[in-house]
Every structure is written in structure tokens, then in C-alpha cells.
2 protein chains.
Amino acid sequence: MELSLRITLNEKLYLKNPEESILGRKIVTDGLKLINTLGFEDFTFKKLAQAIETTEATIYRYFENKHRLLVYLVNWYWTYLEYKVMIQLTNITDAKEKIKRIISALVIPASNDFSNQYIGEKEVFDLVMYEGSKSYLTRSVANNNKDQLFKPYKDLCARISLVITEVNPKYKYPHSLASTLVEMSHAQKFFRLNLPSLTDFAKDKNDKSIVAFLEHMVLETLKK
Amino acid sequence: MELSLRITLNEKLYLKNPEESILGRKIVTDGLKLINTLGFEDFTFKKLAQAIETTEATIYRYFENKHRLLVYLVNWYWTYLEYKVMIQLTNITDAKEKIKRIISALVIPASNDFSNQYIGEKEVFDLVMYEGSKSYLTRSVANNNKDQLFKPYKDLCARISLVITEVNPKYKYPHSLASTLVEMSHAQKFFRLNLPSLTDFAKDKNDKSIVAFLEHMVLETLKK
DNA sequence: TAATATTGATAGTATTACTATTGTTTATGT
DNA sequence: ACATAAACAATAGTAATACTATCAATATTA
């Protein structure tokens, strides 16, 4: 059986749905790779056009500007992650076990479960780690928020906060703890790789210690 | 008595020390304000030059580019904050009390204790909240790190992690918890103002609930 | 087969992110 | 008080960025 999950994103993100053409998917796939290679600041539609042998103007027919492409990719990731978390939690009854599974899903980019996707999980994880917060750290947050551009991120946090409440119904800050968890699952990894003295993890080691750190923090915070 | 603290920053941050001339200080002061007004992406040296009635070329004599100016301002803030924290902790012996004071210092932009500075604390707090992570989320992190451009941030985290260890000497992740605390003191405030559903704080309310959230999280995490 | 949508090719504009040069003002040292 | 160096203003110029517009060629679909 071929598992193919279709992720449908907010229409305001694009001018023309990139999923509906080969070229559109190429813009997304190769755009992701090129942003990861150059960094978002140095990435331009012109460079992408050259890389995929099309023209700048053509890319502009799909996305208003590069920031929209970034938000598109980041949203793809959050939507994907919410789905992944949902699957990871099916048939699990113990709330603490749920938390542990959420943290693993957040920190460890998957075993390419859905690798038939045209967007690679490891790549989009890296993108979110390096560029994710640039999607909302702008003067247009308010407007973008009105257009629901952050809905996937909020939905994920809302889902996590429900599990938090399940662990401890009296805990007063489930949403903040959820957003802290999500943010830190990326920031701590970025720090481990680039500014290791901000962490207690060796640069060369794997992500297990990050998982341990976050699990401990969240579960201790939720103790009754 | 006039209290004037002199913050000396890494020489690699500038081409010409802006503290040493009226114009230099104006570049820093008004640059800070203009970045806050326009957002870092839309801020340019040309616009700043017009605002302070000088020329682009003159500003380039002080700072290599706008990113360096950003890092300069962010470093100023971390250095200032470490100093502020240091003062807040003098004569305090109880480690938990120290943590509480650190959190207050992080979350609540000061009562303008040192308002004779040419850099305003509230403004530089806003800058760090909105643009701070852009100082390290670049492809040049590694190089910038080699040039010690993140030392003030690391020093602050190191100092906080010492207090964390004081609270619980057996706790295994003092640095990660410190960087989590610092990051979240800004992120949660940004969320409260711009994406409130990621928090449990009302948009209009003050910062007390953020302090309470962070205090609870850190102190519970450190319980023996 | 006609109509329509998609892409390619080309061109053009305003702005950005700089660098270079030259001349004028301002500060400093003797 | 005067020379000399440093700081700054004024101007000009360049390559790249972030777009927009037009028109023709090619698919797609009705």
C-alpha cells in the first residue's frame, strides 16, 4: 500500500497552487534545498530560477515573494508534524507517554515514513531550525496572522497543550509550555550545532540528550 | 552621584567605535529606533542617513553593514543585562531568590536605572525581542562565533547556569535551561503581543504572568 | 478546433548594498 | 596661532535585488 498524505495549505500562501504542476513542485522542492544551502537572506528567486532552469517571472506567478515561500514551507512542516504526532499518539492512553512521543517527534526528524512526499522531512526540519522564526518575526505578523498564516503552528501547539492538560489538569500554562517545547526542540538543536556552550550537549553527539532535557523539564513542570 | 556604566564591546563589531563621537552615538541611538520602527528587513543605512541628516557613506565608516549594527545593539543589551543581573544578585544568598531576580530582570525591561545611557533599555529590549535571534540565525554564525561576537550572550547564560547549579548541583542541563529561560523570556512576550494563542497570557495584561510561568517551570525543573 | 491557461523570453524600474573620490570642516598638538 | 591629521559631507557610480509588464509559444480542455 502506498501511503500518500496530501497536505493542503492556506490559499493565501501562494498565487498559484504549487502542488498542481511539476514546475510548482520543483519550485518548492528546489527552493527548500536552495534556501538551506544559501541561507534565507542570500536566497533569491533569480538564483532559484537559474537552478531549475526557468525564469524569475515564472516563480513570481506562484509566490508573491520569497517570504511567502518560506511561510509555505514552514507551514508544510507544522502541518506534517501535527499529523505525525497524531499518528504517534493513536492508541496511547498514558498521558506521560504521549508527552514523550511528542518530544521525540519534535526533536528527531523522522525515519522518512512518508518519503514519497516531494518535500523531504530532514530538509524541511533544517529549514525550520535555521529560518523558522523568520516566518513570524516581521512587521507583518499581525496581518499574516489575520490571514491565518500561522494556523498550522497554533494547531500543533493547541494539540500539545491538550496533552499537557491531560498530564496535569491543574497546570496553568499549557499553551506557553507547549510553545516553549516546540521552540526549544529547534533552538537547542541549533545551539548544539552552532553555539554549543549554550547547551550541555556535545556537538558531535546525537539528539538523545535534547530529548532527555526536554522530557525532564516538561514532566517535572507538570508534577502535581 | 551620577552613575555611568561604560559598556565596551568587541572591536570586530565596528570599523570605527561609535561611542567615540556624537555622530557615532547618533547612528546607534537612531539606528535602534529606526530598526524598531521599520523592522530589520526594511531598515537601510540610506534611510538612517536621511533620518539623522548624514550620508550613507558616513555610516558605512562605522559599521560594515546593517547586520553588524544589529549585533552591536544586541550585544549591548546582553552586556547590560549581565551587569543588571549581577547587581540584582549582590548580597542575595538564597539561590531560589536569585533565580527569581534573574527572571524579573530578563522579562521586565527596567525602571530606567541607567537612563543616562544613550541606548534606551526599553527600546533595546524591543529590538532583542523582535530581531534578536536574527543576529545568530545566519550562515555566518560559525565565523561570527569565532570572532567572539556572541560572547555577551554566552557570558550571561554561563552566569545564569551557575545559579541554576547552585539551586540544584545535581541538575544535568544548567546551560540548556539557562538558554531556554533567556530565549523564552523574549519569545513568550512576543507571542503574548502578537500570537497570543501560543500563550496563556492576555494580550493586554502585563508581564507578571510570564514571570510566574518561567519561575514555576525553572524551579520545578530544579526540584530535588 | 477554438478558447484558455501556462510558461518562456525579454525588458525594464526602483531600491538596496555597497565602494571610491574629492573637497571641506573640525579637532589636536606644538 | 598654525600646521596637520582626522572626520565628515557631497557626489558618483556599480552590481545585485525585488519586483512588474508584455508578448509570443506551447499545452490543456471544452
Side-chain angles (χ1 to χ4, degrees), chain A residues 11-31 34-35 37-73 118 131 134-135 137-140 143-144, chain B residues 11-32 34-35 37-73 118 131 134-135 138-140 143-144:
Chain A
E11 284 184 10
K12 301 230 172 176
L13 284 167
Y14 47 77
L15 300 170
K16 194 168 129 56
N17 192 340
E19 274 193 286
E20 281 170 8
S21 71
I22 296 168
L23 183 65
R25 288 190 292 272
K26 218 170 156 42
I27 288 169
V28 171
T29 315
D30 291 57
L34 198 57
I35 295 173
T37 306
L38 302 175
F40 187 64
E41 285 73 27
D42 287 346
F43 167 83
T44 69
F45 277 177
K46 184 160 209 176
K47 289 172 187 168
L48 177 57
Q50 276 157 0
I52 64 176
E53 287 178 310
T54 182
T55 59
E56 236 184 318
T58 301
I59 299 175
Y60 275 107
R61 284 204 193 92
Y62 285 86
F63 292 99
E64 223 176 305
N65 52 52
K66 68 175 182 172
H67 187 259
R68 286 290 157 120
L69 173 59
L70 176 65
V71 180
Y72 181 93
L73 288 162
Y118 65 105
E131 323 288 356
K134 294 172 194 168
S135 64
L137 288 176
T138 64
R139 298 295 127 160
S140 46
N143 282 328
N144 289 341
Chain B
E11 285 184 9
K12 300 230 172 176
L13 284 168
Y14 47 78
L15 300 170
K16 193 167 132 56
N17 193 340
E19 274 193 285
E20 281 169 8
S21 71
I22 297 168
L23 184 64
R25 288 190 293 272
K26 217 171 157 41
I27 289 169
V28 171
T29 316
D30 291 56
L32 168 57
L34 199 56
I35 295 174
T37 305
L38 302 175
F40 187 64
E41 286 72 26
D42 288 346
F43 167 84
T44 69
F45 277 177
K46 184 158 208 176
K47 290 172 186 168
L48 177 56
Q50 276 158 1
I52 63 177
E53 286 179 310
T54 182
T55 60
E56 237 183 316
T58 301
I59 299 175
Y60 275 107
R61 282 205 196 89
Y62 285 86
F63 292 99
E64 225 175 304
N65 53 52
K66 67 175 182 173
H67 187 259
R68 285 292 157 119
L69 173 58
L70 176 66
V71 179
Y72 181 93
L73 287 162
Y118 65 105
E131 322 289 356
K134 294 172 193 168
S135 65
T138 65
R139 299 295 126 160
S140 46
N143 282 327
N144 289 342

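Predicted model only: the values in this text are computed from it and were never measured. First the proteins, then the strands, lettered A, B, ... as listed; each starts at 1. Side chains are part of it too, since the values below use all heavy atoms of this structure and drop only hydrogens, waters and symmetry mates.
- At least one side-chain nitrogen or oxygen of T54(A) sits closer than 4.0 Å to the OP1 or OP2 atom of dG8(C).
- Contacts of K66(A) with the nucleic acid, taken as non-hydrogen atoms under 4.0 Å apart, involve only primed sugar atoms and P, OP1 or OP2.
- Where A57(A) and F45(A) each meet DNA chain D at their nearest nucleotide, the meeting point lying more 5' is that of F45(A).
- Each of Y62(A) and E56(A) lies near DNA chain C, and the nucleotide nearest Y62(A) is the one positioned closer to the 5' end.
- dT7(C) atom P lies 16 Å from atom CD of E53(A), rounded to whole Å.
- In this structure, L69(A) places its CG atom 12 Å from P of dC19(D), rounding to the nearest Å.
- R68(A) has its CZ atom 16 Å from the P atom of dA18(D), to the nearest Å.
- Residue contacts for E20(A): at a heavy-atom cut-off of 4.0 Å it reaches no nucleic acid atom on any strand shown.
- The residue E64(A) sits close only to the backbone: its heavy atoms come under 4.0 Å of sugar-phosphate atoms, none of a base.
- Rounded to whole Å, the distance from CD1 on I59(B) to C1' on dA7(D) is 15 Å.
- Minimum atom distance to the side chain of K47(A) is reached by dT17(D), of the listed dT17(D), dC8(D), dA9(C).
- Of the side-chain N and O atoms in T58(B), none sit less than 4.0 angstrom from OP1 or OP2 of dC8(D).
- Note: R68(B) CZ to N144(B) CG = 5.5 Å, rounded to the nearest 0.5 Å.
- A donor-acceptor pair is defined here as one N or O able to donate and one able to accept, closer than 3.5 Å; no such pair exists between the side chain of S140(B) and the backbone of N143(B).
- Residue S21(B) places none of its side-chain N or O atoms closer than 4.0 Å to OP1 or OP2 of dA27(C).
- Put simply, CG on L48(A) is 13 Å from P on dT17(D), counting in whole angstrom units.
- Distance from the side chain of Y60(A) is smallest to dT20(D) among dA9(C), dT20(D), dT17(D).
- Closest approach of E64(B) and L15(B) over heavy atoms only: N-CD1, 3.8 Å.
- Of the charged side-chain nitrogens involved, none lies within less than 4.0 Å of a carboxylate oxygen, so that K66(A) and E56(A) do not count as a salt-bridged pair.
- With rounding to whole Å, N65(B) atom CG is found 17 Å from dA15(D) atom C1'.
- Smallest separation of non-hydrogen atoms from G31(A) and F43(A): O-CE1, 4.0 Å.
- The side chain of T44(A) sits closest to dA18(D) out of dA9(D), dA17(C), dA18(D).
- We find that CD of E41(A) is positioned 17 Å from C1' of dC18(C), with the value rounded to whole Å.
- Residue contacts shown for K16(A) are limited to sugar-phosphate atoms, with no base heavy atom under 4.0 Å away.
- A straight line from CG of L23(A) to P of dA5(C) spans 18 Å, rounded to a whole angstrom.
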